[in-house]
Amino acid sequence: MPLQTAGPAHLSFLANPKYAGHLRATKAGAVLVTAKDAAQAPPGTATLVVDDPYAALAVVLEHFHPPAPVVPGVAASALVDPSARVDPSAAIGPGTVIAAGVVIGPRTVIGPNCTVGEGTRIGSDSRLYANVTIYHGCTIGDRVILHSGVVIGADGFGFAPTRTGLKKIPQVGEVRIGDDVELGAGTCVDRGALGSTEIGTGVKIDNMVQVGHNVRIGAHTVIAAQTGIAGSTEIGSGCMIGGQVGIAGHLRIGNGCQIAAKSGIMRDLSDGAKVGGYPATTHARWLRQVAALDRLVERGRSTKGSAP
Amino acid sequence: MPLQTAGPAHLSFLANPKYAGHLRATKAGAVLVTAKDAAQAPPGTATLVVDDPYAALAVVLEHFHPPAPVVPGVAASALVDPSARVDPSAAIGPGTVIAAGVVIGPRTVIGPNCTVGEGTRIGSDSRLYANVTIYHGCTIGDRVILHSGVVIGADGFGFAPTRTGLKKIPQVGEVRIGDDVELGAGTCVDRGALGSTEIGTGVKIDNMVQVGHNVRIGAHTVIAAQTGIAGSTEIGSGCMIGGQVGIAGHLRIGNGCQIAAKSGIMRDLSDGAKVGGYPATTHARWLRQVAALDRLVERGRSTKGSAP
Amino acid sequence: MPLQTAGPAHLSFLANPKYAGHLRATKAGAVLVTAKDAAQAPPGTATLVVDDPYAALAVVLEHFHPPAPVVPGVAASALVDPSARVDPSAAIGPGTVIAAGVVIGPRTVIGPNCTVGEGTRIGSDSRLYANVTIYHGCTIGDRVILHSGVVIGADGFGFAPTRTGLKKIPQVGEVRIGDDVELGAGTCVDRGALGSTEIGTGVKIDNMVQVGHNVRIGAHTVIAAQTGIAGSTEIGSGCMIGGQVGIAGHLRIGNGCQIAAKSGIMRDLSDGAKVGGYPATTHARWLRQVAALDRLVERGRSTKGSAP
């Protein structure tokens, strides 16, 4: 429970210093806190002192809210092609369609009303929530979580202008998703035009993110909601990308880059770059741009004010 | 019918002054107009003078296009868990899956191919169009409209960095949606990490809006398409938020705020604030920033022009 | 295969000059190139000289990856209303629901778990992938491709403020989609409030694009991912609109306009306009704004640096 609504029967936590005031006023029975913050808890609240309250919370929550056990089997209204190989310990929900040649690994759970297209391979212990769509022979790793509305393997956006209009470039590639990846609700990952679109191990992507054809995303990169990455861009590992960011096509973003929310990236970024704005510049320079523009407005006002 | 395409058998209306020219030229049989505009209608067009043509249009349209009557019952191909309680006057579409413990109130209509997860409660006279997904025990009020592709209750985006990668914070909260709420196609409302994500009475949200975990939105607030609200932000009542706005996490937005389209909000806003730009500032100041930048460009040009 | 991963058994191509270096190093057995670039291919690589390698690629790919033949018929678990007219050469996937009065033309393929609402008409040789939703009597042309998660015909966003909250304006119009249109995954096209929302022949729209009520888009216009177009705006033919663009409502965008990614359009644009930024200005002026802001920052720094 959050600090401000928790009661004596609840456990809470303080991870964001912004909420330190809530700790002092909490009615929680116990709190996860760092040694530094522990003294601020009120007398009636037990303190559980840990190095990282947020990571500790994950452990506690896993303990008290274990995932529902998998009930293996194929729902009566699911349609599984005879050539598909579904592990007997996997679960396939009602209304779900599993096409020819699909392989589904041990303990993987596929929710209701999903569609898994021909030749798709999904590893073990993965979870597709309801209404997920996978086309075109994609490969999904182990312990992957795909939320509802995710679409993997739709055609990339490629057209050649001709005299009679735009000619579609057939998209014949695939998508490869590594282990321990999570994709949020409504996120779309297009298949490669040729070759594959690749999402590395441990990548975490929020809701409604667009991943264009032949994009590659390195391991453990995190991408917040509504960001879009245009075709053929390569993103390094360990990057942190804010929400509503746009990244143009055919770029190389280094490892460990940090991109502020709503930025527009039009050039390659070297390892460890911290950028913001549109067109994006270093984060520090972007803040100076904002400040300079503000001073300019102030000057404009005082000039007007001092006019005779 | 719009003024410019309506014929003698049609009723039209003038609500946006931008279209006053269309009123003078309309061939509509009758128009809803204010007293002020009525004189501008051509002789062959009857005028129905009202205080608010747009609100009057709603009343007329409701009269001529009443919602299709609800045909109660559960479609043969729907799957309703025996422990779910579906009111006999409700309708459940084909292919829809209703999980254990779900409660569905009188006259509520659930379209085809929806998935309603365990423990969800939906009030009366609500409408879920096709392909809506609800997870994880959410509560939905009366007269709520959820358009196709809506996902309610997916996990929020919370990870603790550890030495071996990002550790998922189990998301164990829920979503509470008040009465008379409408959510547009593809909109996603994540469940609380702990506690709940809350959408107040009468809130209207357009298509593809992202509502992060533990966000709270006050009554009668309106949010246009493709806006994103990051986790734990609280938004007051009666706000008007444009399209493609981004609002950072852990903020407080007051009541009655107006936020221009595409703005990026990085700080708390007090009641009644009118803001725009990124980082957002007052709407007036944003316009001055734009003007100042423009003057700067002009000066740059004239300086170049006068160089020897 | 891309130039850098292709082997002796593969055909590759060079269309983007950015990748000329990859051509010199490729191991591909053959490449599609222009006469100008052909000399740069390594000795072991055969060159197929063409005017437009990208368009030639489309032809080659069509030859080697022909679309899977349509297997006509209605899946056992599909539900087709007796009043619907499905051409015998069309295919309807499992779990798909076809409502009353729907008409589906020759050789059209509708994937699994789609919902096609009452009165919808779909032409010939069109393709709906899995999980597409169409409401409310829309009209779809020939050779149209709709990717998974597309929602056509949801209500537009129209509310009249009243003393007791916002009153919904019933949305009673439809959507008309021309021939040879492609809509990307998760894209939403709202029905007209009155009259129709119209998408012209040959229009190509990427993933997660929002098309508001009563928008009209002219023939052969191309729109990249995550762009949003507010209600009643008219867009000309042959426009190229980047990703994450926002276009306000009730505007007229001329023919052949080019709009840079992430721009915000608040005014009408005349034919052939090239614009960028927010608020958008000419592309050239936007670049000057960016440069001017940068000079301003530099000046701020040097002033500080020279301070005693």
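So that the names make sense, note that chain A is the first sequence line, chain B the second, and so on, each numbered from 1. Hydrogens, waters and symmetry mates play no part in the numbers below; they use all other heavy atoms, side chains included.
For C:D180, no part sits under 4.5 Å from any heavy atom of chain A, backbone or side chain. With a 4.5 Å cut-off on non-hydrogen atoms, C:A261 touches chain A through its backbone and its side chain both. For A:V290, no part sits under 4.5 Å from any heavy atom of chain C, backbone or side chain. When heavy atoms are compared at a cutoff of 4.5 Å, C:F64 does not approach chain A at all. When heavy atoms are compared at a cutoff of 4.5 Å, C:L287 does not approach chain A at all. Looking at C:Q244, only its side chain comes within 4.5 Å of chain A, counting heavy atoms on both sides. The part of A:V132 that comes within reach of chain C is its backbone (N, CA, C, O), which places non-hydrogen atoms under 4.5 angstrom from that chain. Of the two parts of A:V209, only the backbone, made up of N, CA, C and O, holds a non-hydrogen atom closer than 4.5 Å to a non-hydrogen atom of chain C. Proximity to chain C involves both the backbone and the side chain of A:L166, based on heavy atoms less than 4.5 angstrom apart. For a residue to count as touching a neighbouring chain, one of its non-hydrogen atoms must lie under 4.5 Å from one of that chain's; by this rule A:S263 touches chain C with the backbone only. Only the side chain of C:H65 has a heavy atom closer than 4.5 Å to any heavy atom of chain A. With a threshold of 4.5 angstrom between heavy atoms, A:T281 does not approach chain C through any atom at all.
Separation of the A:Y278 and C:W286 ring centroids falls under the 6.0 Å cut-off.
Counting heavy-atom pairs under 4.5 Å between each of C:G93, C:A76, C:G95, C:A185 and chain A puts C:A185 at the top. When the candidates A:T96, A:N113, A:D155, A:N131 are compared by the number of heavy-atom contacts under 4.5 Å with chain C, A:D155 comes out ahead. Chosen from A:G117, A:G158, A:P170, the residue pairing most often with chain C at heavy-atom distances under 4.5 Å is A:P170.
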task: Go through the steps for C:S148 and A:Y135 under the test side chain to side chain donor-acceptor pair (under 3.5 Å), then give the verdict.
output: CA-CA 9 Å; C:S148 294; A:Y135 307 25; 3.1 Å; yes
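At distances below 3.5 Å, at least one donor-acceptor pair connects side-chain atoms of C:T221 with backbone N or O atoms of C:G238. A donor-acceptor pair is defined here as one N or O able to donate and one able to accept, closer than 3.5 Å; no such pair exists between the side chain of A:S196 and the backbone of A:V175.
For A:K167 and C:E62, the salt-bridge test passes: some basic side-chain N is under 4.0 Å from an acidic carboxylate O. A salt bridge does not link A:E174 to A:R121: none of the charged side-chain nitrogens sits closer than 4.0 Å to a carboxylate oxygen.
Of all residues in residues 199-208 of chain C, those placing a non-hydrogen atom less than 4.5 angstrom from a non-hydrogen atom of chain A are C:G202, C:K204, C:I205, C:D206, C:N207, C:M208.
With contacts defined as side-chain heavy-atom distances shorter than 4.5 Å, the pair A:Q171/A:H213 qualifies.
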